[in-house]
Amino acid sequence: MTAVGDKKQTLAAAPQRDASKPITMVAAINEALDMALTRDPDVYIFGEDVGVMGGVFRATDGLQARHGVERVFDTPLAEAGIMGLGIGMGLAGLKPVAEMQFAGFLYPALDQIMSHLGRYRHRTRSRFTLPVVVRAPYGGGVHTPEQHADSPEAVIAHVPGVKVVIPSNPQDAKGLLLAAIADPDPVFFFESIKMYRSLKAEVDPGYYTVPIGQARIHRAGDDLTIICYGGMVEVCDRAAEAAAGAGISAEIIDLRTISPLDTATVLESVRKTGRAVIVTEAPRTAGFHSEVAAVIAEEAIDSLLAPVVRVTGFDAPYPPFTAIEDSYRPTPTRVAKAIRRVMEY
Amino acid sequence: MTAVGDKKQTLAAAPQRDASKPITMVAAINEALDMALTRDPDVYIFGEDVGVMGGVFRATDGLQARHGVERVFDTPLAEAGIMGLGIGMGLAGLKPVAEMQFAGFLYPALDQIMSHLGRYRHRTRSRFTLPVVVRAPYGGGVHTPEQHADSPEAVIAHVPGVKVVIPSNPQDAKGLLLAAIADPDPVFFFESIKMYRSLKAEVDPGYYTVPIGQARIHRAGDDLTIICYGGMVEVCDRAAEAAAGAGISAEIIDLRTISPLDTATVLESVRKTGRAVIVTEAPRTAGFHSEVAAVIAEEAIDSLLAPVVRVTGFDAPYPPFTAIEDSYRPTPTRVAKAIRRVMEY
Amino acid sequence: MSKTSTEVAASAGTLPAAQAAMAASVLQPAAEGQPEVPMLQFITPQGTLNAGEQPLPDVPLPDPETQLWLYRQMRRIRHFDERAWVLYRQGKMGVFPPYGGMEASQAGTAAALTTQDWLFPTYRDTGAALTYGLPIAQTVAYWRSSPHGWYMPEDLKITPFYIPIATQYPQAVGAALAERKRGTRNVAMAFIGDGGSSEGDFHEGLNFAGALNAPCVFILQNNGWAISVPTAAQTRARDLSRRAEGYGVPGLRVDGNDILAVYAVTKAAVERARGGEGPTLIETVTFRIKPHTVADDPTRYRTDEMTAGWDTKDPVLRLREYLLAQGTLTEEGEAAMLDEISAEFEEAVAAADALPDPTPAEIVDHVFAQPTPQLRAQRAEIMEEDSA
Amino acid sequence: MSKTSTEVAASAGTLPAAQAAMAASVLQPAAEGQPEVPMLQFITPQGTLNAGEQPLPDVPLPDPETQLWLYRQMRRIRHFDERAWVLYRQGKMGVFPPYGGMEASQAGTAAALTTQDWLFPTYRDTGAALTYGLPIAQTVAYWRSSPHGWYMPEDLKITPFYIPIATQYPQAVGAALAERKRGTRNVAMAFIGDGGSSEGDFHEGLNFAGALNAPCVFILQNNGWAISVPTAAQTRARDLSRRAEGYGVPGLRVDGNDILAVYAVTKAAVERARGGEGPTLIETVTFRIKPHTVADDPTRYRTDEMTAGWDTKDPVLRLREYLLAQGTLTEEGEAAMLDEISAEFEEAVAAADALPDPTPAEIVDHVFAQPTPQLRAQRAEIMEEDSA
Ligand SMILES: Cc1ncc(C[n+]2csc(CCOP(=O)(O)OP(=O)(O)O)c2C)c(N)n1
Ligand SMILES: Cc1ncc(C[n+]2csc(CCOP(=O)(O)OP(=O)(O)O)c2C)c(N)n1
Ligand SMILES: [Mg+2]
Ligand SMILES: [Mg+2]
């Protein structure tokens, strides 16, 4: 069987880079995609503007040039169509990596996601499985137009059969994305728009994976546990740094995967510190922060020395008003206030 | 201005009924819709099969005959279209009451819901408001075909600007639906399929409303608080009844509205009993039960004598397998086990 | 302002009459400038060869051997449909959506595939699935909502029946595109109903297939009804095949009760897709003479007049007349055929009866390749409860 | 198997060339049987009257007074577009999607409405909104992402610009249907792009409008690009107006750079809708000569050859040539017009500059008519933080 995607003549070598030079998260994501395309002929990348243009954030920059338009292609503008395409390709045994241009624009695909993406293995008792990855930039902080700053991760986390991964830094982003592509089941991969370029870090230039379902201790501490992910990690870090100045030792857990949640790591830390602050930038009611709080309330009640405090967006749409939108997203100041609340309780 | 919907000649009188005779929840819903159509010429009812046929559950039975095909009409089969139609009618100042045939089929409408339904007042600073009601049968327990038994209420509750109401009995259903139609903002109204006909009760035949945002003490008790809504209320009731036999006095809170959540009623009860069990039939991860648990963990930690326990569906799709589906939905036995867990802690 | 359809309907009074008026009136404006697209038809409802000019002159009449084989397919799936009703009444089958009267549309389309091709059926398309090769025992198990009915055989490329309307269309494009990317000549066929053609996924699927040149054959079974809503209230369009043009895709219309025409058209579309020439939309014009499901009561939304005429267009009897007249089929040959079909069915039902019941813990199986810690805990919880 | 478009493109090598090849090749199969639908055009790109036969003989050329008025509308919105670029570079405006080159398509359509009619614009349609009557100061405020830009005046029935593609189509049907239910003669107009026509909501909107006979005018501005994706990769269809037929709705095609043709066609469709005869889809064939937004770099996805020719089709210059030749416009008259337009703009920008900044607490205002307890608490939280 001659696989069109195998035609190696179209494959230009990935550019070499200096491993000691820090790179952005979007560059790390680009590198992971490039590597996946090179290693596995079943990997296909598609979405709106991902091909010729290389994506609105340049996450797929250069990939079509190196791997050909069979492997990396632009689709018509229709998210349900993109998700359905990915599901169909997955049914047929390929490894589609679809991009939703913004998380706020994945909503038209929710029927495909809720009705099928997470159900196919279950309903066919594993006859059909969906090794599909969906990438979507999410969250606020960079003054995008209306509807471009949504954080709908709790909605996807509520869908059985779909994993949800949200990296907070370049090294994790690359390894988690490679793990997502290698995963035999559907993985949603949310990428903080704010983090795409705000932070550079050294990234292992080789192939490696970061396990899905394992949180990471971002910062060790004893007095309280801050639980966060994605774009909130750097915000919490700054709050923890400030708290350290006041003699408070905060442990930060970067969940990395929110579904399945690494409850073991969360609970171990909370049992140690006795205090939990959970930070997300999604609307308050029924956000994923609430799931984390619920797990703690169910499993670590005896260890709690203070209320479980959530620092979140508000029960209003992410505001399209540039001058004030930064007050919607949790700031180090708001996290610091929560830290005080649990410490002074 | 001659309003077509005003043409009273098509309006046949609603059938009289004996107020002392108990009626089902679906009959109460039908009565509320009939009354709303009669009282307010701006009310319009539409959806798939709601007109000629009167709905797959007969919730709109007879309404087209009594109020005419201008007021009660069938649409093409497309949920985003139905939701968009409702939003457009709402923008123009009417009071649309749209039906989604099953909650599991509202997913194609989620883009309209998430992108617009809850945002319009906010983005136009109240220039445009959406007095729109969306009704959707939800939940399991009656051996429907695949995808017909979903409980996606947490997803809607996470959408800012949209209220979510879920009645558990005929009297509330009528008053809450009339309140939803009178409400100036979008209200989602989930109707437990299992409860449609499983319970009859006396219902006030006149016009009345039950306030949105207020929970109801379904059963008073002192030892623990069970928090639930919709189809789970009768399940919890049976568990509480059994517990009473063992000398345990359970208080049951029927939330009735999940967004905005009546935190005052929940917290007052939990502060009194010191124990909370939350019961829903939705998948476990990031369900609305978790929001309730989070509120308790944030606001009533000092009163807690035991973990906050969630009794829920599982992290799997609602199974399309008749012989075993009843094990997915919480049973009185599973609730009883949770009661034991918090009491014996 | 001219009266709207609904105004006409409102003044009409009684319900089915109102609906009939609505249907008639809604059609009017579209009908003005829009002539009905002609349908391919080889065999008339009277069972004679259609002597008129055909709209698709390139599409040939199938040969007698194929004709007989197609007749057998229809008989076989009609048997299933009829027996399903009986089993339902006996409590041995769940809520089944019948397709009786639509056999030509289902068998004639699916018969054009091999099992290397993909089939995406809806809940209505049990007949298509059986024709494709889905084992009867498994099909019975499916309609009993047993997990055994959902595990599709590894050597078939058929999905379980689709319930969420229209979602299968873009997915079929994905499967078809995957075949093309792999360099095979396999195609994907997806079914939809007249109601389903109103969903956005119908549009996105067809447009993607055109834009990406996916080897897809889209079957649109226009059976006149979406539960209680007649096609005329579903859309102002006279015919649905015309939509294909808007995607640069050929749209064909065929008498959906003439299996020879259905088969011939589908075969041509399948070959076109195999040859890399892209997708085709085929509207099979048929009728749902049966209720929506075995549990539905159609008198709530339609009168006898609204279904009148369609019983005489029965696809099985039509081909039978023709084959008997041609001598391709004999009464004895038919009797033997029916016996075989019946025996095959009874054996399969016995096999289905013998399938073990699932256990509650299976609820949380097959969610992921590796169960998560959460699912392991939940499985233990179910097992504990089950054994209590 | 014949080469797919993408194979052709792949072997073509460099990127814009690959894209050009893709476009050409994808069109091929559709082009076979599908002739391009002729466009209405009154004024040629050379500014002369088109002497050929018109595809829509019922649609008359607007009279000279209207011609001059339309010219003014185009000049007015072109001024805004040009000034917006400058304001953006000065940091006095946010990321703005320009419409320069599409003035005929935007002004010619919106000019056919009164402010009793509804307008549903997309982010691209600032020009249409200004023509409809949205105040300039408010429009500037909108593109500064100030809440003042979102509060639509009570006496207009225009919505804020739509960002989530295609969602406005079914909503426009709802607003139009509401007008009909109320017994008015008002209509709703909604805009969409070529890219947007691929979304399911486009399909559902058009089909609902047809089925429910809603007084809607759907404007499809085919400007050749959806960010980086050319129309030829968006769909295999040769033209998009043809989609309307699939809904039993008239679909018209017009030279989108000829405002006289655009206005005349739109006016006819608006009157048709007012008269209760139902919706119309109008494809205005135009081109996005500018970047997607002021922040976009089109060299990443298109070459000069791909845009060549369109600059000579400028809609403003075209009508100008014609009006000058006809004597309807004089150079002095034009100079005065431009002065007025410029003064009006500067005054409006000054007014926008004077608008007060919002306060953070406004984030949680206007969520519900009555704030919930949660929102009250959250407001207090923001106020506390703000004052800290
Ligand atoms: C997304 C979605 N909406 C609604 C339904 C409920 N439903 C089941 S069948 C049906 C009618 C389908 O009609 P049609 O597409 O013509 O197919 P037919 O039943 O005639 O085969 C409806 C509305 C569903 N299954 N999925
Ligand atoms: C649902 C949705 N998906 C994706 C986007 C991102 N996006 C913004 S503009 C655009 C292209 C739109 O092209 P077209 O419809 O042709 O309009 P134009 O920009 O040419 O006016 C895309 C993909 C969006 N805004 N909404
Ligand atoms: Mg049908
Ligand atoms: Mg465009």
Side-chain angles (χ1 to χ4, degrees), chain A residues 1-6 41-42 44 46 70-71 73-94 96 108 111-112 114-116 118-129 131-132 160-163 183-186 213 259-264, chain C residues 118 120 147-148 150-154 156-157 159-160 162-184 186 188 190 199-201 203-212 214 216 247 362-375 377:
Chain A
M1 194 161 67
T2 55
V4 173
D6 264 338
D42 285 343
Y44 288 83
F46 52 90
E70 274 297 326
R71 304 282 304 284
F73 57 98
D74 289 323
T75 64
L77 202 178
E79 291 74 13
I82 293 169
M83 195 64 255
L85 190 77
I87 292 173
M89 290 171 75
L91 287 175
L94 299 183
D111 183 29
Q112 288 287 344
M114 295 179 165
S115 296
H116 294 291
R119 285 191 220 235
Y120 239 109
R121 180 187 285 278
H122 190 256
R123 66 199 290 261
T124 65
R125 316 317 280 159
S126 297
R127 159 66 179 97
F128 289 117
T129 60
V132 177
V162 178
K163 301 179 185 176
D183 199 280
D185 288 302
S259 179
L261 176 65
D262 181 356
T263 51
Chain C
W118 289 87
F120 290 79
H148 304 288
W150 299 78
Y151 178 94
M152 299 288 136
E154 294 280 351
L156 300 182
K157 286 151 108 177
T159 64
Y162 276 73
I163 303 274
I165 304 283
T167 50
Q168 65 280 7
Y169 257 44
Q171 294 182 21
V173 179
L177 196 67
E179 294 290 350
R180 217 179 140 66
K181 299 260 180 215
R182 286 228 165 94
T184 77
N186 305 327
E199 289 275 11
D201 275 7
H203 171 82
E204 299 188 14
L206 270 163
N207 189 48
F208 268 62
L212 300 171
C216 263
Y247 311 106
E362 292 178 41
I363 286 176
V364 290
D365 291 344
H366 298 288
V367 178
F368 294 113
Q370 294 295 329
T372 62
Q374 283 81 354
L375 285 163

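Just so you know, these numbers come straight off a predicted model, no measurement behind them.
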Enquirer: Main chain of C/Asn186, side chain of C/Thr184: is a donor-acceptor contact present, judged purely on distance under 3.5 Å?
Expert: yes
Enquirer: Ring centroid separation for C/His203 and C/Tyr247, is it under 6.0 angstrom?
Expert: yes
Enquirer: Does any backbone or side-chain atom of C/Glu154 lie under 4.5 Å from a heavy atom of chain A? Answer side chain, backbone, both or neither.
Expert: both
Enquirer: When you look at A/Leu91 and C/Trp118, which way does the side-chain contact (heavy atoms from CB on, under 4.5 Å) test go after all the steps?
Expert: CA-CA 10 Å; A/Leu91 287 175; C/Trp118 289 87; 4.2 Å; yes
Enquirer: I'd like to verify something: which residue of A/Pro96, A/Pro260, A/Pro184 has the highest number of heavy-atom pairs under 4.5 Å with chain C?
Expert: A/Pro260
Enquirer: Please look at C/Leu156 and chain A and tell me whether the side chain, the backbone, both or neither of the residue comes under 4.5 angstrom of a heavy atom of that chain.
Expert: backbone
Enquirer: Please state whether the side chain, the backbone, both or neither of C/Ala369 comes within less than 4.5 Å of a heavy atom of chain A.
Expert: both
Enquirer: Under a 4.0 Å N-O cut-off, is there an ion pair linking A/Glu70 with C/Arg180?
Expert: no
Enquirer: A/Arg127 side chain to C/Met152 main-chain N or O, any donor-acceptor pair under 3.5 Å?
Expert: yes
Enquirer: Could you tell me which portion of C/Glu362 (side chain, backbone, both or neither) has an atom closer than 4.5 angstrom to a non-hydrogen atom of chain A?
Expert: both
Enquirer: Pick one of side chain, backbone, both or neither for A/Thr124, based on which atoms fall under 4.5 Å of a heavy atom in chain C.
Expert: both
Enquirer: Is it the side chain or the backbone of C/Phe120 that comes within 4.5 Å of chain A heavy atoms, both, or neither?
Expert: side chain
Enquirer: Using distance alone, with no hydrogens and no angle criterion, decide if C/Gln171 and A/Gln112 have a side-chain donor and acceptor under 3.5 Å apart.
Expert: yes
Enquirer: Select one option (side chain, backbone, both, neither) describing which atoms of C/Leu375 are under 4.5 Å from chain A's heavy atoms.
Expert: neither
